[in-house]
2 protein chains.
Amino acid sequence: MDKTALFYKLVSFTNSVHRVTYELTQDAKSDSITQVQYKILEYITVSQPVTPSEISNCMNMSMPNTSRELRKLSEKRLIEKIEDTEDRRKQYICLSYDGKIMMNEAFASIEARFLDRIQHASKEDLEDIERALDILQTKLFYQ
Amino acid sequence: MDKTALFYKLVSFTNSVHRVTYELTQDAKSDSITQVQYKILEYITVSQPVTPSEISNCMNMSMPNTSRELRKLSEKRLIEKIEDTEDRRKQYICLSYDGKIMMNEAFASIEARFLDRIQHASKEDLEDIERALDILQTKLFYQ
DNA sequence: CCTCTTACTTATCATTTGATAAGTAAATCA
DNA sequence: TGATTTACTTATCAAATGATAAGTAAGAGG
């Protein structure tokens with residue numbers, strides 16, 4: 001298989017990943033937040049504590065827009081801002097108690113759909129899947 | 001590895017896929033169309049000919065919004081609408097000549113970045129990647 | 001101390017996207 | 001033939017998102 005054929009396979013694959021991700025995550029988020037706010041909470045969940053600049057960089061959002069969405073999340077009592085004691089310009093963002101509850105529920109609902117999706121997979125299938133995830137993460141979707 | 005651990009691996013994996021997809025595709029689309037319009041063109045490119053209803057279903061867009069975006073793409077001369085001769089309510093959407101040129105350019109730019117990403121992969125690595133893509137597509141990201 | 005840079009905020013505006021109501025025209029069905 | 005359904009359109013509105021200008025306050029460097 002030449003590299004261009006592999007590229008087409010990748011295109012088809014990423015489409016599948018996006019479609020299945022959509023299927024697993026649809027309706028998982030609370031209606032009280034927007035899609036972008038959910039993605040920010042998701043990022044904070046796996047990376048906390050995190051600064052607004054990091055959110056801005058990693059999510060490809062401008063600082064003003066990041067700041068606005070963080071303010072909204074803060075007003076909804078889903079995150080907490082903690083000042084850096086050494087550099088008082090910096091902040092660290094963490095999930096609040098309510099935010100943790102919300103994200104736990106969201107992840108639980110996504111996990112349930114995932115388990116449903118792999119319910120007919122054999123032990124060998126699961127091992128294949130795990131190996132394949134590792135290979136692609138290190139050799140193709142790295143960084 | 002239990003299924004919950006596998007789920008966390010999946011979460012991390014899909015984040016990587018989304019990030020790399022963003023990296024590969026950023027700036028690939030022309031500035032004269034919006035993100036949604038680009039996604040529609042991408043779908044048409046790989047599935048043409050396709051009906052507005054199919055686009056609406058597969059892209060999770062309402063028919064009115066699908067219709068609006070297709071009208072805009074048509075006004076930009078990037079797609080063509082062909083009436084079904086048997087059922088005159090139906091349409092088939094195809095890329096126009098200009099649309100094909102635009103998508104060829106976009107795909108070429110994405111492919112160039114992809115090739116860059118795998119430039120250091122050995123023949124064995126590429127085979128591993130191909131196998132892994134196949135396994136995940138059939139066992140996890142199916143349908 | 002003064003200047004520059006960094007980290008973040010506020011304000012504002014345009015554009016995109018999503019949702020809904022209402023309509024047309026052709027096919028199907030009874 | 002008349003009623004219903006399907007495929008798509010038009011119009012309109014609200015909300016989300018993106019982009020930019022201008023501002024504050026703290027740290028860093030000379």
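Note on naming: letters A, B, ... go to the chains in the order of the sequence lines (proteins, then strands), and numbering restarts at 1 for each one.
Side chain of A:S56 to main chain of A:P52: no donor-acceptor pair is present (N/O by atom type, distance under 3.5 Å, no hydrogens or angles). With hydrogens and angles disregarded, no donor-acceptor distance shorter than 3.5 Å links the side chain of A:K81 to the backbone of A:S74. With hydrogens and angles ignored, the 3.5 Å screen pairs no side-chain donor or acceptor of A:S67 with any backbone N or O of A:M63. The backbone N or O of A:S16 sits nowhere less than 3.5 Å from a side-chain atom of B:Q137 that would complete a donor-acceptor pair.
A residue-by-residue look at B:R71 and A:R88 shows that B:R71 has its nearest nucleotide of DNA chain D further toward the 5' end.
Distance B:R68 CZ to C:dT15 P: 15 Å, rounded to the nearest Å. Straight-line distance from the CZ atom of A:R89 to the C1' atom of D:dG27: 4 Å, rounded to whole Å. In this structure, B:E83 places its CD atom 12 Å from P of C:dA25, rounding to the nearest Å. B:Y92 places its OH atom 11 Å from the C1' atom of D:dA7, with the value rounded to the nearest Å. Taking atom CG of B:N60 as the reference point, atom P of C:dA19 lies 10 Å away to the nearest angstrom. In this structure, CG of B:D31 is placed 15 Å from P of D:dG18, rounded to the nearest angstrom. Distance CD (B:E86) to P (C:dA27): 10 Å, rounded to an integer number of Å. Between the NZ atom of B:K72 and the P atom of D:dT10 there is a distance of 13 Å, rounded to whole Å.
A:E54 and A:S47 are not linked by any side-chain donor-acceptor pair at a separation below 3.5 angstrom, with hydrogens and angles left out of the test.
Within residues 18-30 of chain B, no residue approaches DNA chain D, by heavy-atom distance under 4.0 Å.
Nucleic acid contact for B:E69: none, since no nucleic acid atom lies under 4.0 Å from a heavy atom of the residue. At the heavy-atom level, A:E54 lies nowhere under 4.0 Å from the strands shown. Using a 4.0 Å heavy-atom cutoff across all strands shown, B:T51 reaches sugar-phosphate atoms only and no base atom. Residue B:Q35 is classed as a sugar-phosphate contact, given heavy-atom separations below 4.0 Å to backbone atoms only. Nucleic acid contact for A:N65: base, since at least one base atom lies under 4.0 Å from a heavy atom of the residue.
Residue B:K90 places its side chain closer to D:dA7 than to any other of C:dT20, C:dA27, D:dA7. Of the candidates D:dT20, C:dT16, C:dA26, D:dT20 carries the atom nearest the A:P64 side chain, counting heavy atoms from C-beta on. The side chain of B:D87 lies closest to C:dA26 when the candidates are C:dT9, C:dA26, D:dT10. Among C:dA26, D:dA19, D:dT9, the nucleotide with an atom closest to any side-chain atom of B:M63 is D:dT9.
Phosphate contact (OP1/OP2 of C:dT10, side-chain N/O of A:S67, threshold under 4.0 Å): absent. B:T34 has a side-chain polar atom (N or O) that falls below the 4.0 Å cut-off from OP1 or OP2 of C:dT17.
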Item to complete: Starting from the C-alpha separation in whole Å, work towards a yes-or-no answer on salt bridge (Lys or Arg N to Asp or Glu O under 4.0 Å) for A:K72 and A:E75.
Response: CA-CA 5 Å; A:K72 289 181 184 170; A:E75 282 166 4; over 6 Å; no

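Between B:F114 and A:F7, the ring planes are tilted. Angles from 30° to 60° get that label.
Legend: salt bridge (charged side-chain N to carboxylate O under 4.0 Å, His left out) pairs involving residues 103-125 of chain A, not counting sequence neighbours, sorted by first then second residue: A:E23-A:R117, A:K123-A:E127, A:D125-B:K139.
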